[in-house]
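Presented below is the structure to which this report refers.
Just so it is clear, the values below take in all heavy atoms, side chains as well, and ignore hydrogens, waters and symmetry mates.
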Amino acid sequence: GMTTKALDRIVELWPLLPEEVQADLVTRVEAVATNVEPVEFTPEELAGIERGREDFKHGRTLSLPEYRTDMDAFFDRLKAKAQSAS
């Protein structure tokens with residue numbers, strides 16, 4: 001499950017995100033949340049999330065278009081996985 005530490009971090013970073021990114025994230029989270037099947041991450045996905053955290057810590061971040069492309073791909077994979085699980 002989601003740790004409160006991760007949640008605190010999101011709350012902390014939230015004000016730094018451009019409004020369009022905030023809106024985008026809310027929309028996506030709602031879309032995933034309405035799909036009640038809990039999503040299991042593969043080791044590769046978990047490693048990717050961890051890499052993202054490290055990159056962020058070291059200031060390696062994506063431009064907005066790169067971020068969008070990346071998130072679209074990520075959520076497409078989540079949706080596909082959720083559909084194959086049901």
Legend entry - Pairing of Asp72 and Arg28 as salt bridge, 4.0 angstrom limit: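 A salt bridge is present here (some side-chain N lies under 4.0 Å from a carboxylate O).
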
Legend entry - Flag side-chain contact, heavy atom, 4.5 Å: Glu20 against Asp24: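 The answer is no, as the side chains (C-beta and beyond) never meet within the 4.5 Å cut-off.
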
Legend entry - Close side-chain approach of Glu45 and Glu50, heavy atoms under 4.5 Å: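 No, every pair of side-chain atoms sits at 4.5 Å or beyond.
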
Legend entry - Phe74-Val29 co-clustered via ILVMFWY side chain contacts under 4.5 Å: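 No; tracing contacts between hydrophobic side chains, which count when under 4.5 Å, never links both residues.
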
Legend entry - Shared hydrophobic cluster, Ile49 / Leu25 (ILVMFWY, side-chain heavy atoms < 4.5 Å):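 Yes; Leu25 is reachable from Ile49 via cluster members.
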
Inset, instruction - Indicate whether any N or O donor in one side chain lies under 3.5 Å from an N or O acceptor in the other, for Ser63 and Glu66. - result: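 Yes - a donor-acceptor pair under 3.5 Å links their side chains.
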
N/O donor to acceptor pairs below 3.5 angstrom from side-chain atoms of residues 6-19, sequence neighbours left out:
| unit_1 | atom_1 | unit_2 | atom_2 | d |
| --- | --- | --- | --- | --- |
| Arg9 | NH1 | Glu12 | OE2 | 2.5 |

Legend entry - Value rounded to 0.5 Å, distance of CG in Asp76 from NZ in Lys81: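 Output value for this atom pair is 13.0 Å.
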
